[in-house]
Each structure stands twice: as structure tokens, then as C-alpha cells.
Amino acid sequence: MRKRGNSKEWRPEHAAANGILNRRVFLEGALVAAAAGAGSTAAGAEPLPVPSWMKQPGAGFSAYGQPSPFESKVVRSIAPAPNPATQGIGTARTPLQLLNGTITPNGLHFDRSHSGTPNIDPDQHRLLIHGLVKQPLVFTLEALSRYPMQSRITFIECAGNSGALNTAQAQPGNAQAIHGLLSCAEWTGVRLATLLEEAGVEPSAKWVVAEGADAAAMSRSVPLAKCMDDALVCLYQNGERVRPSNGYPIRLLLPGFEGNMNVKWLRRLKLTEGPVMAKDETSKYTVLLPDGKAWQFVFPMEVKSIITHPSPGLALRGAGFYEIAGLAWSGQGRIRQVEVSADGGNSWAPAVLQEPVLSKALTRFRAPWQWSGGPAILQSRATDDTGRVQPTRAQFVAERGLRGQYHYNAISSWRIDEKGEASNAFA
Ligand SMILES: Nc1nc2c(c(=O)[nH]1)N[C@H]1C(S)=C(S)[C@@H](COP(=O)(O)O)O[C@H]1N2
Ligand SMILES: [Mo]
């Protein structure tokens with residue numbers, strides 16, 4: 001490798017086996033790209049040709065902007081395949097491998113719905129707070145809008161995300177198919193604590209049952225402590241009103257808690273002494289263990305990370321310098337560290353975390369990699385600020401087995417072959 005325009009030999013410092021470089025090389029960004037010849041081609045002195053779109057005025061204005069037509073493949077993937085008999089039951093997954101940064105555009109936020117997206121008229125929608133309160137309250141949207149609001153950037157992850165890895169043999173799938181029940185947005189709304197304090201919580205109340213206004217009337221029991229802590233009744237998602245598929249006109253946001261508890265189309269909050277034992281906290285969203293017992297009420301999503309670049313579908317084009325990039329998150333707090341490996345977890349080096357690193361939000365990590373052109377197994381391992389470390393697959397399977405379905409957070413692997421293709425692997 002050679003620094004362009006300078007005959008001095010440039011040697012990147014290797015931080016882990018199979019080409020993982022010391023993250024310090026990012027500080028010398030131009031140097032490393034030039035040294036490795038990543039992407040750019042040497043330009044001569046001739047002027048650039050004038051393209052056709054510079055020879056006439058461009059398109060006019062649009063009332064609501066859309067992505068470039070050249071980005072038409074950057075879309076959610078719908079599973080199971082659309083079927084009129086079960087319309088709206090299933091998932092639309094975020095194309096994580098085609099996005100960068102940490103915020104999910106609203107049209108690409110994943111959608112997990114149990115009974116379709118209701119078409120709610122906001123003027124007719126009401127939120128009722130009742131049960132063990134001094135004064136039941138009912139809110140119109142207009143009334144809710146008058147309360148002070150807060151914004152926070154928070155990920156939502158379905159408890160079933162990455163469940164495709166609960167198999168004995170690795171099955172084909174890309175980041176979207178395997179991990180795409182994960183998104184992150186700036187949510188804005190009224191603190192639930194404010195509304196509960198106004199209703200007056202009875203001392204015997206310990207839980208809040210949240211119910212949605214969909215045909216499933218999806219309900220979950222939430223500990224009162226969470227509701228008084230950082231729960232938000234959200235009206236806005238990335239600055240605009242919450243999208244219909246994500247809970248319009250209001251959704252409950254329980255930062256860090258499993259996706260299912262973030263009740264969409266929120267219509268009712270009932271304060272109770274105990275949990276209501278709704279179907280989504282008894283038959284579903286419990287974690288079946290190898291001994292046949294099950295964990296119930298597994299609330300925070302565990303510390304986790306995935307590599308989005310490279311990943312299946314994004315083939316490497318020849319040996320040389322690449323950035324390994326991915327997402328890390330924890331429902332318990334902030335990401336403290338992400339390490340990457342190119343040799344299936346035998347050696348590790350720390351990645352750079354993109355600032356700001358926010359609690360219960362997606363954190364983008366990046367690490368420099370010099371691909372030799374030979375086989376590699378790429379992994380990432382996250383640690384959060386409570387000290388929790390993402391387990392290896394072997395550790396995870398030993399503790400939980402492969403029947404758990406939910407809360408899969410083991411280290412995942414992409415195998416890179418000599419052609420530069422990536423595939424899902426167990427290592
Ligand atoms: N009312 C209602 N709320 C719901 C659901 C639902 O089907 N109905 N799905 C839940 C599930 S399983 C998840 S993972 C999250 C998904 O949120 P999103 O669709 O906005 O990404 O919403 C939860 N809230
Ligand atoms: Mo979910």
C-alpha cells in the first residue's frame with residue numbers, strides 16, 4: 001500500500017487478526033482511503049462532461065417529498081407474503097443494510113401488526129385513563145396537544161427480531177430478513193407520568209394495562225414504575241405525526257422495552273393491582289427455556305449489535321480497504337463499547353462509536369478493515385453501560401436453547417467468501 005503523491009510507505013496498524021485495523025486510521029481517513037485505493041479512481045486534467053440534467057431546468061416542487069426514483073429498491077420487505085384473508089397480520093421489515101446513520105425514515109420504520117392498521121379519525125379518537133385512579137380522565141387529541149411535550153430518540157425492537165437464528169443450521173437471509181424488526185426514531189409526546197399524576201394514582205395501583213384501538217385490541221400490562229419513569233404518549237415520529245402503521249394518532253413508547261409493549265393506536269390505560277394476563281403476555285412473548293419452564297414479563301431488550309455493512313446482498317468488490325459498519329443498542333441504557341472480529345470471534349478490536357451515544361437508542365459503530373480477499377467471518381459484540389455483554393451464540397444456546405423464539409441477542413456472524421459475498425453463518 002502506498003500513500004498517493006508520497007513515496008513514503010504507509011503501514012496501517014492491525015488491531016485484530018484477518019485485517020481488522022486500529023480505529024485510529026479513521027483519523028487519517030484520506031490517507032487510508034488513498035493508501036488502499038478504496039473506491040476513488042485517479043482523475044486526469046480533462047473537464048467533466050456536462051450531463052443531460054444540467055442542460056434544462058429540473059422538476060418542480062412537490063408537496064410531500066419522495067426518495068429519488070433511483071432508490072426504489074430501498075423498501076420494507078413484507079412477510080408473510082400479502083394475503084387478502086390475513087391482510088395486515090405480519091411484518092414489514094426495515095432494510096437495515098441499505099440505510100446508514102441511526103434514524104429510520106418514517107416510511108421505512110418496521111411495522112409489526114397483529115390485526116392490520118386501523119384507519120383512525122383523530123377527531124373521534126379518545127384516550128381513557130381509569131381503574132385505580134382518583135379521577136378517571138378522557139383525552140381528545142386536541143387536549144393532549146396542550147400538555148408539555150418531550151422528544152427522545154429511541155429504538156423499537158420486536159421481541160421476535162432475529163428469531164430466524166433459532167435454528168440448528170444457519171438459513172439464508174439478509175440483515176433485513178433476519179434483523180429488520182428494528183428501527184429508531186425521534187419520538188415526541190407527553191410524559192405518561194404527567195397524565196397519570198393528573199388522574200391521581202391510587203396507592204394500590206402497581207400496573208397499567210395499555211390497550212390499542214385496532215381490531216386485535218392489543219393489550220399489555222406495564223409496571224407502573226415504567227409508566228412513571230420514561231414512558232411517553234407519542235403524537236410525533238421524526239417530526240411529523242405518527243404514521244398510521246406505527247400507531248396514529250397516538251402510541252405508547254416504553255423506551256428499551258420489547259416492541260410488543262409499545263402499544264399502537266393507544267386508547268385505554270387502566271391502572272390495576274396486578275397484570276391482566278393478556279394473550280400477548282401469556283401465550284406469546286414468553287421465553288421458553290430448555291427445561292420447559294418459561295420466562296414471563298421479559299421487558300427490556302438485551303444488549304445487542306449487528307453488522308449492516310458488509311452483509312448479504314452487498315458484495316465486496318475486490319480485496320482492499322472497507323469500513324465495517326453496524327448498529328448496537330441496549331434496552332438497559334447506553335452502549336459503552338462495540339468490538340469487531342474478522343476471524344469468527346478469536347480476536348477482537350474496538351470499533352468507533354458515532355456520537356451522540358444515547359440511552360436506549362441505536363448507536364452506529366464503524367471499524368476499518370483491510371480485506372485480504374480470503375474467507376472471513378465478521379462479528380460484532382456490544383457492551384452496555386450496565387456492563388452487560390452480548391453473549392456468543394454458544395453461550396446463548398446453552399442458557400436458553402433454541403425454542404425461546406423471543407429476545408434472541410447472541411453475537412451474529414456474516415461469512416465472507418472469496419468472491420466477496422456475505423451469508424448468514426453460525427460460528
Ligand atoms: N395495538 C397494537 N399495538 C402494537 C401491535 C399491534 O399489533 N397492535 N404490535 C406490537 C408489536 S408486536 C411490536 S414489535 C410493535 C411494533 O411497532 P411498529 O409497528 O411501530 O414498528 O408494536 C406493538 N404494538
Ligand atoms: Mo413484536
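Computed from a prediction, not measured in an experiment: that's the story for all the values here. Order of listing sets the numbers, starting from 1, for every ligand and every atom in it.
- Taking the six-membered ring where the residue is Trp, Phe139 and Tyr147 present perpendicular rings, their angle passing 60° and hence far from 30°.
- Under a cut-off of 6.0 angstrom, the local environment of CG in Asn83 is crowded, with over 12 non-hydrogen atoms contributed by other residues, nucleotides or ligands.
- Comment: Arg400 engages Glu302 in a salt bridge, judged by a side-chain N to carboxylate O separation of less than 4.0 angstrom.
- A distance-only check finds a donor-acceptor pair linking the side chain of Asn262 to the backbone of Gly259 [under 3.5 Å].
- Listed by chain and number, residues touching ligand 1 at under 4.0 Å (heavy atoms only) are His109, Phe110, Asp111, Arg112, Ser113, His114, Cys158, Gly212, Asp214, Met218, Ser245, Asn246, Arg251, Gly259, Asn260, Asn262, Val263, Lys264, Trp265, Tyr285.
- The aromatic rings of Phe299 and Trp207 sit perpendicular, their planes meeting at an angle over 60°, well past the 30° parallel limit.
- Using cut-offs of 30° and 60° for the angle between ring planes, the Phe26 and Phe321 rings count as perpendicular.
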